[in-house]
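The structure follows.
Quantities reported herein were computed from a predicted structural model and do not represent experimental measurements. Labels below follow one simple rule: chain letters A, B, ... track the order of the sequence lines, proteins then strands, and each chain is numbered from 1.
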Amino acid sequence: MDEAERRARLGEIAPDRLAELDEDEAEDEHVLPALPNAEDGAVVMRAAPNPNGPWHLGHARMPAVIGTYKRRYDGAFICRFDDTDPETKRPDLDAYDAILEDIEYLGFEPDRVIRASDRLETYYEHARELIGAGGAYTCSCAGDDFSELKNAGEPCPHREKDGETVRAEFEEMVAGEYDAGEMVLRVKTDIDHKNPALRDWVAFRMIDTPHPREAAADYRCWPMLDFQSGVDDHLTGVTHIIRGIDLQDSAKRQRFVYDYFGWEYPEVLHWGHVQVDEYDVKLSTSTIKELIEAGELTGWDDPRAPTIRSVRRRGIRGQALVDSMTELGMSTADVDLAMSSVYANNRDIVDDDANRYFLVRDREDDPAVDRDVIGGPDAGHPPLHPDHEERGTRTVPAGRVLIEESDLPARGDRVWLKGFGCVRHTRDAFEYVGDDIEVVREGDVDVVHWVPADESLRTLVRTVEGDVRGFAEPAIADAAVDDLVQFERVGFVRLDEFDPEPAGEAYGPTGEEDLVTYYAHP
RNA sequence: GCUCUGGUAGUGUAGUCCGGCCAAUCAUAUUGCCCUCUCGAGGCAAUGACCGGGGUUCAAAUCCCCGCCGGAGCACCA
């Protein structure tokens with residue numbers, strides 16, 4: 001019985017089992033697990049960033065996963081800026097676009113972009129409705145006092161206020177007639193709920209600081225995340241919510257509001273925190289912001305910063321990040337993202353396109369050393385790409401060359417200058433021996449990269465560990481800014497700028513360079 | 001303190017719901033070999049894990065109990 005017959009037979013005797021098999025097979029094509037209760041064409045998900053800065057690497061996970069599900073289920077991707085705190089988590093006006101740019105770099109485009117700060121009237125309307133249903137009350141308790149009562153499971157005196165008073169006081173909140181801390185609107189949940197986190201939580205509070213967006217600058221009464229997000233998820237038709245374990249209780253809190261309104265709560269998935277190895281800098285927007293302000297980092301795209309802009313500048317494709325993020329799966333456990341996995345994914349994507357060039361590094365512990373080449377041709381002609389002969393070769397002038405000291409053979413020994421030929425290290429020169437590759441095949445001679453001593457480009461390589469200087473072969477001038485190339489035996493870099501201006505900082509170009517590159521990975 | 005929640009190799013992941021095909025999958029990593037005019041790519045191989053202890057069972061990564069360790073919430077932050 002062949003495969004087709006077997007399937008047909010199984011279809012006759014156990015159609016359910018056959019469908020199950022098909023489902024399992026379809027599952028195998030996806031890295032991510034199937035979404036619960038997902039219907040093709042009817043999945044709506046949202047990323048809800050707080051626009052308080054450009055994104056760090058951890059932020060890539062949400063668009064990566066949502067975008068991937070969107071494609072899989074032919075769904076919708078909403079980007080909703082939850083910018084409802086003009087004070088503590090004050091939005092950064094540049095961050096709205098910066099975040100959208102970061103999403104675009106990852107290869108996705110939101111179907112809809114909304115800002116919570118545009119929707120205050122909507123939240124107020126729902127608050128009025130909730131008050132009307134007896135589901136909320138205005139409360140002027142001091143935070144600590146309420147907390148004490150709450151922890152004891154005791155209601156505060158405001159809980160039993162009559163509806164008219166609540167309604168009037170809420171209108172006064174909306175009108176901005178209270179100062180910060182004087183009055184809040186609480187959702188009436190269950191004051192002795194066994195989980196203290198769910199007891200009568202705050203839905204609206206007063207904030208004196210105007211919102212940085214002009215359109216929202218006049219509002220003083222702001223909703224808290226759980227109210228705003230809950231209302232918006234329903235109103236925008238979100239079917240599946242993904243959020244971090246720090247918001248584990250949000251769904252439970254919001255369900256009280258959903259119950260008052262008779263709404264059905266979306267499916268919710270939680271995932272753990274992401275940590276990234278390889279960086280000294282913490283994965284935190286505020287930490288990175290501080291380091292930049294203190295001049296420790298040259299900007300959001302400093303290669304030492306664990307940000308999306310940084311890996312982008314280093315030539316890492318958004319797709320590589322997306323692949324790594326989806327491979328992390330949907331576990332509620334905290335996870336560590338190994339940058340080596342991002343690098344492996346990126347190599348897969350870029351290796352074929354990246355042309356090869358030589359760079360001789362000039363480092364403290366392994367300086368570039370120069371030697372005259374005696375005899376042999378005038379130049380070497382290594383291929384632009386070993387797997388693509390049709391791309392042709394580069395010309396690397398010989399004469400006097402630089403190699404890295406650790407590649408220098410002992411006196412009397414030979415070394416193979418890649419694309420040029422075999423030379424013997426005599427006294428203080430390289431004496432040309434020949435171009436018979438057999439010596440390399442026999443394993444007696446190492447193959448090394450090299451550059452001409454005089455015609456090369458002074459090059460700055462900016463890496464995660466800091467800046468490295470060196471000399472790139474002249475042919476690299478044929479490559480363009482933004483190209484990703486491989487410095488043979490060193491690694492992949494993105495060409496960032498020719499003849500850079502001095503950065504005027506401890507790191508970055510001094511102005512003496514001919515070329516600045518950003519190091520991606522080995 | 002109260003309430004959630006998690007623990008499979010260095011890292012991530014599959015398997016856990018419905019116990020056996022799991023002496024545990026795949027990827028990455030590391031190492032070695034082959035190939036290659038790169039330390040890239042490609043090929044092959046090796047390394048390496050079910051948090052612990054009890055119990056149920058013919059059979060436990062999977063079910064039950066007790067521990068241990070982690071993460072989160074109990075904000076007028078998101």
Check your understanding: What does A:Asp82 touch in the nucleic acid at a heavy-atom separation under 4.0 angstrom: a base, only the sugar-phosphate, or nothing?
Key ->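 It contacts sugar-phosphate atoms only.
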Exercise for review: With heavy atoms under 4.0 Å as the rule, sort A:Pro49 into base, sugar-phosphate or nothing.
Suggested key: nothing
Review point. Expressed in whole Å, how much space separates the C1' atoms belonging to B:rU11 and B:rU3?
Key: 32 Å
Review point. Heavy atoms, side chains only, cut-off 4.5 Å: are A:Trp450 and A:Asp407 in contact?
Key: no
Point to revise | Presence of A:Arg356 side-chain N/O under 4.0 Å of B:rU38 phosphate oxygens OP1/OP2 | key: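 No, A:Arg356 has no side-chain N/O under 4.0 Å of OP1/OP2 on B:rU38.
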Review point. Nearest-Å distance, CD1 (A:Ile207) to P (B:rA75)?
Key: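 Rounding to the nearest Å, CD1 of A:Ile207 and P of B:rA75 are 17 Å apart.
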**Study point:** Sugar-phosphate, base or nothing in reach of A:Ser229, heavy atoms under 4.0 Å
**Key:** nothing
Check your understanding: Just checking A:Gly181: base, sugar-phosphate only, or nothing, at a heavy-atom cut-off of under 4.0 Å?
Key ->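 Contact class for A:Gly181: base.
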Point to revise | Residue mapping more 5' on RNA chain B - nearest nucleotide basis, A:Gly419 or A:Glu327 | key: A:Glu327
Review point. Is there a Watson-Crick or G-U wobble partner for B:rC21 with both distances under 3.5 Å, and which nucleotide is it?
Key: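 Because no pair has both required distances under 3.5 Å, B:rC21 counts as unpaired.
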Check your understanding: When rounded to the nearest Å, what value does the distance between P atoms of B:rG15 and B:rC26 take?
Key -> 14 Å
Point to revise | Rounded distance in Å between the P positions of B:rU30 and B:rG6 | key: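 Each nucleotide's P atom is 33 Å from the other's.
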Exercise for review: Could you grab the distance from atom NE2 of A:His388 to atom CG of A:Asp353, nearest 0.5 Å is fine?
Suggested key: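 Answer rounded to 0.5 Å: 7.5 Å.
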Review point. In terms of the angle between their ring planes, are A:Phe204 and A:Phe170 parallel, tilted or perpendicular, with boundaries placed at 30° and 60°?
Key: perpendicular
Practice item. For the side chain of A:Asp336, starting at C-beta, report the closest nucleotide among B:rU11, B:rG40, B:rC77. Key: B:rU11
Practice item. Indicate yes or no for a side-chain donor-acceptor contact from A:Arg61 to the backbone of A:His273 under 3.5 Å, with no hydrogens or angles considered. Key: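 Looks like no, no N/O pair under 3.5 Å.
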Check your understanding: Are a donor atom and an acceptor atom from the side chains of A:Glu404 and A:His449 found within less than 3.5 Å of each other?
Key -> yes
Practice item. Hunt down the Watson-Crick or G-U wobble partner of B:rG48, both distances under 3.5 Å, from any strand shown, or write none. Key: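 In the structure as shown, B:rG48 has no Watson-Crick or wobble partner.
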Check your understanding: When you match A:Arg61 and A:Val202 each to their closest nucleotide on RNA chain B, which lands nearer the 5' end?
Key ->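 Its nearest nucleotide being more 5', the pick is A:Arg61.
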Review point. Could you state the interatomic distance from CG (A:Leu417) to CZ (A:Phe358), rounded to the nearest 0.5 Å?
Key: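 The distance works out to 8.5 Å.
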Review point. Mind checking who B:rC26 pairs with, Watson-Crick or G-U wobble, both distances under 3.5 Å?
Key: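 With both distances under 3.5 Å, B:rC26 matches B:rG12.
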Review point. Can you tell me if the side-chain N/O atoms of A:Lys150 get under 4.0 Å from OP1 or OP2 in B:rA75?
Key: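 Yes, A:Lys150 has a side-chain N/O under 4.0 Å of OP1/OP2 on B:rA75.
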Review point. So what does A:His273 hit on the nucleic acid, given a heavy-atom distance under 4.0 Å: a base, only sugar-phosphate, or nothing?
Key: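 The answer is sugar-phosphate, as A:His273 gets under 4.0 Å only of primed atoms, P, OP1 or OP2.
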Point to revise | Residue of the set A:Thr165, A:Val166, A:Ile131, A:Val187 for which side chain to side chain contact (heavy atoms under 4.5 Å, CB included) holds with A:Tyr137 | key: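 That would be A:Val166.
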Exercise for review: Determine the interatomic distance between P on B:rU25 and the same-named atom on B:rC69; round to the nearest Å.
Suggested key: 31 Å
Review point. Looking only at atom C1', what distance separates B:rG43 and B:rG52, rounded to whole Å?
Key: 42 Å
Check your understanding: Looking for any heavy atom pair under 4.0 Å, which part of the strands does A:Cys422 touch: base, sugar-phosphate only, or nothing?
Key -> nothing
**Study point:** Spacing of the C1' atoms in B:rC74 and B:rU16 (rounded, Å)
**Key:** 31 Å
Check your understanding: Do A:Gln486 and B:rU38 have a side chain to base donor-acceptor pair shorter than 3.5 Å?
Key -> yes
Practice item. Write down the distance separating the P atoms in B:rG53 and B:rA14, rounded off to the nearest Å. Key: 25 Å
Pairs under 3.5 angstrom, nitrogen or oxygen only, protein versus nucleotides 3-9 of chain B, please.
{"residue": "B:rU3", "atom": "O2'", "partner": "A:Asn195", "partner atom": "ND2", "Å": "2.7"}
{"residue": "B:rC4", "atom": "OP1", "partner": "A:Lys194", "partner atom": "NZ", "Å": "3.0"}
{"residue": "B:rC4", "atom": "O2'", "partner": "A:Lys252", "partner atom": "NZ", "Å": "3.2"}
{"residue": "B:rU5", "atom": "O4'", "partner": "A:Gln248", "partner atom": "OE1", "Å": "3.1"}

Review point. Does any N or O donor sit under 3.5 Å from an N or O acceptor when you compare the side chain of A:Arg441 with the base of B:rU36?
Key: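 For A:Arg441, whose side chain was compared with the base of B:rU36, there is no donor-acceptor pair (under 3.5 Å).
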Review point. A:Met224 near the nucleic acid: base, sugar-phosphate alone, or nothing, with a heavy-atom cut-off under 4.0 Å?
Key: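 Touches sugar-phosphate only.
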Check your understanding: Which part of the nucleic acid, if any, lies within reach of A:Ser324 when heavy atoms closer than 4.0 Å are counted: base, sugar-phosphate only, or nothing?
Key ->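 Result for A:Ser324 = nothing.
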Check your understanding: With a 4.0 Å cut-off, would you call A:Arg255 and A:Asp226 a salt bridge?
Key ->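 The answer is no: the pair does not qualify as a salt bridge.
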Check your understanding: Applying the side chain to side chain contact (heavy atoms under 4.5 Å, CB included) test to A:Trp222, which of A:Met206, A:His211, A:Gln228 qualifies?
Key ->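 Among A:Met206, A:His211, A:Gln228, the one that satisfies the side chain to side chain contact (heavy atoms under 4.5 Å, CB included) with A:Trp222 is A:His211.
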Review point. With a 4.0 Å cut-off on heavy atoms, is A:Ile437 in touch with a base, just the backbone sugar-phosphate, or nothing at all?
Key: base
Review point. In whole angstrom, what separates A:Lys289's NZ from B:rA78's P?
Key: 15 Å
Practice item. Tell me what A:Phe204 touches on the nucleic acid: a base, only sugar-phosphate, or nothing, going by heavy atoms under 4.0 Å. Key: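 Here A:Phe204 touches no strand at all.
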Review point. Quick one: the side chain of A:Lys89 and the base of B:rC77, do they pair up donor-acceptor inside 3.5 Å?
Key: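 Indeed there is one.
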**Study point:** Nucleotide nearest A:Asp246 when distance is taken to its side chain, options B:rA29, B:rA72, B:rU38
**Key:** B:rA72
Check your understanding: Looking across every strand, which nucleic acid part, if any, lies under 4.0 Å from A:Val184 by heavy atom: base, sugar-phosphate, or nothing?
Key ->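 The residue A:Val184 makes base contact.
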Check your understanding: When all nucleic acid strands are considered with a 4.0 Å heavy-atom cut-off, which category describes A:Leu337: base, sugar-phosphate, or nothing?
Key -> nothing
Check your understanding: Is there a donor-acceptor pair closer than 3.5 Å between any side-chain N or O of A:His126 and the backbone N or O of A:Tyr123?
Key -> no
**Study point:** Watson-Crick or G-U counterpart of B:rC68, or none if no pair lies under 3.5 Å
**Key:**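 With both distances under 3.5 Å, B:rC68 matches B:rG7.
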Point to revise | Residue A:Arg489, side-chain heavy atoms: nucleotide from B:rU38, B:rA72, B:rG12 that is nearest | key: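 Out of B:rU38, B:rA72, B:rG12, the nucleotide with an atom closest to A:Arg489's side chain is B:rU38.
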Point to revise | B:rC17 versus B:rG7 - spacing of their P atoms, nearest Å | key: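 Going atom to atom, P in each nucleotide, I get 14 Å.
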Check your understanding: If pairing requires Watson-Crick or G-U wobble contacts with both distances under 3.5 Å, which nucleotide is the partner of B:rC2?
Key -> B:rG73
Review point. With respect to the phosphate group of B:rC77, does any side-chain polar atom (N or O) of A:Arg205 fall under 4.0 Å of OP1 or OP2?
Key: yes
Review point. For residues A:Asp102 and A:His59, is any side-chain donor paired with an opposing acceptor at under 3.5 Å?
Key: no
Check your understanding: Which base sits across from B:rG42 as a Watson-Crick or G-U pair, both distances under 3.5 Å?
Key -> B:rC34
